[in-house]
Number of protein chains: 2
Amino acid sequence: MGITIEDQRLDAMFTALSDPTRRDIVVRLSAGEATVKELAEPYAMSMQAVSQHIRVLERSGLISRGRHRQTRPCRLEPAALEAAVSWIEESRRTWSERMDRLETHLACLQKGANQ
Amino acid sequence: MGITIEDQRLDAMFTALSDPTRRDIVVRLSAGEATVKELAEPYAMSMQAVSQHIRVLERSGLISRGRHRQTRPCRLEPAALEAAVSWIEESRRTWSERMDRLETHLACLQKGANQ
DNA sequence: GGGGTACTCAAGCATCTGCTTTATCAAGCG
DNA sequence: CGCTTGATAAAGCAGATGCTTGAGTACCCC
């Protein structure tokens, strides 16, 4: 079993979220759509740099873009965010359940020893 | 408001999860503790390389390590995974709620127009 | 058409990553 | 004691990433 499509999508999503500027863009887009210029405004970097960040987010599927006059409004894609959450949750849940079973098992052993 | 400690933690976590080998290690650790050698076995790379991946995961807080004889067993830290999930969920929920309100608003306008 | 606005493309550059190889170290065993 | 095992440290290298500047491109208004 090699590298799957799903792997590549997760790569792209987590890579996109690993940069503080891009995470900030995601947070700001959760408050509503915005253009590249609007998104670039608060950062101490060129609009081209922000445009590149947006491209990373777009290619990861975390955001999508429309066309309106000469602007390219960006919007969040909650389904992609949900996919990332699902992946993490599965590992977390599996481990936690394992811990619960272990505790139960230890409790059983303890009970047996006391009787 | 500059770069916070929380930002740095999220950086480390999402960076750690952006590599397929490291994600695979996380999945495998969700099934139980493992040593560096055990984790390295299935991959076509040196144990040193895997050791470096594990270090990235450890520094991100996603895993922790013990000492047992000459091994350094790795275990998942579900609390850190939960922190990553929480961050994503907040953005996703905010956007989704916004969409719901928008739909409600549009429905109200529609209703008003029909009457 | 000219000029401004919003944005993308492309090249260049410093830094970071992922991996290698070699060397080192600590723990356990003959 | 020497030898093996599990793991880390350090140095080096090809390729990726984040940013810059300069040059387009597409749209809109006068």
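- Residue A/T35 is in sugar-phosphate contact alone, with no base atom involved, counting any heavy-atom pair closer than 4.0 Å across all strands shown.
- At a non-hydrogen distance threshold of 4.0 Å, A/R69, A/Q70 from residues 55-76 of chain A come into contact with DNA chain D.
- B/R23 CZ to B/R28 CZ: the interatomic distance, rounded to the nearest 0.5 Å, is 14.5 Å.
- The NZ-P distance, from B/K37 to C/dG28, rounds to 16 Å in whole Å.
- Nucleotide C/dT15 holds its P atom 17 Å from the CG atom of A/D19, rounded to whole Å.
- Residues from residues 45-53 of chain A placing a heavy atom under 4.0 Å of any atom in DNA chain D, listed by number, are A/M45, A/S46, A/Q48, A/A49, A/Q52, A/H53.
- Hydrophobic clustering, with ILVMFWY side chains joined whenever heavy atoms are under 4.5 angstrom apart, groups A/W87 together with B/L62.
- In this structure, B/E38 atom CD and D/dT5 atom C1' are separated by 13 Å, rounded to whole Å.
- The CD atom of A/E38 sits 10.0 Å away from the CD atom of A/E33 when rounded to the nearest 0.5 Å.
- Within 6.0 Å of atom CZ in B/R55, 12 or fewer heavy atoms from other residues, nucleotides or ligands are found, so the atom counts as exposed in its surroundings.
- In this structure, A/R75 places its CZ atom where only 12 or fewer heavy-atom neighbours from other residues, nucleotides or ligands lie under 6.0 Å away.
- For A/R9 and A/E6, the salt-bridge test fails: no basic side-chain N is under 4.0 Å from an acidic carboxylate O.
- Rounding to the nearest 0.5 angstrom, the gap separating the OG atom in B/S30 from the CD1 atom in A/I88 is 13.0 Å.
- If you chain together hydrophobic residues whose side chains sit under 4.5 Å apart, A/I63 and B/L10 fall into the same group.
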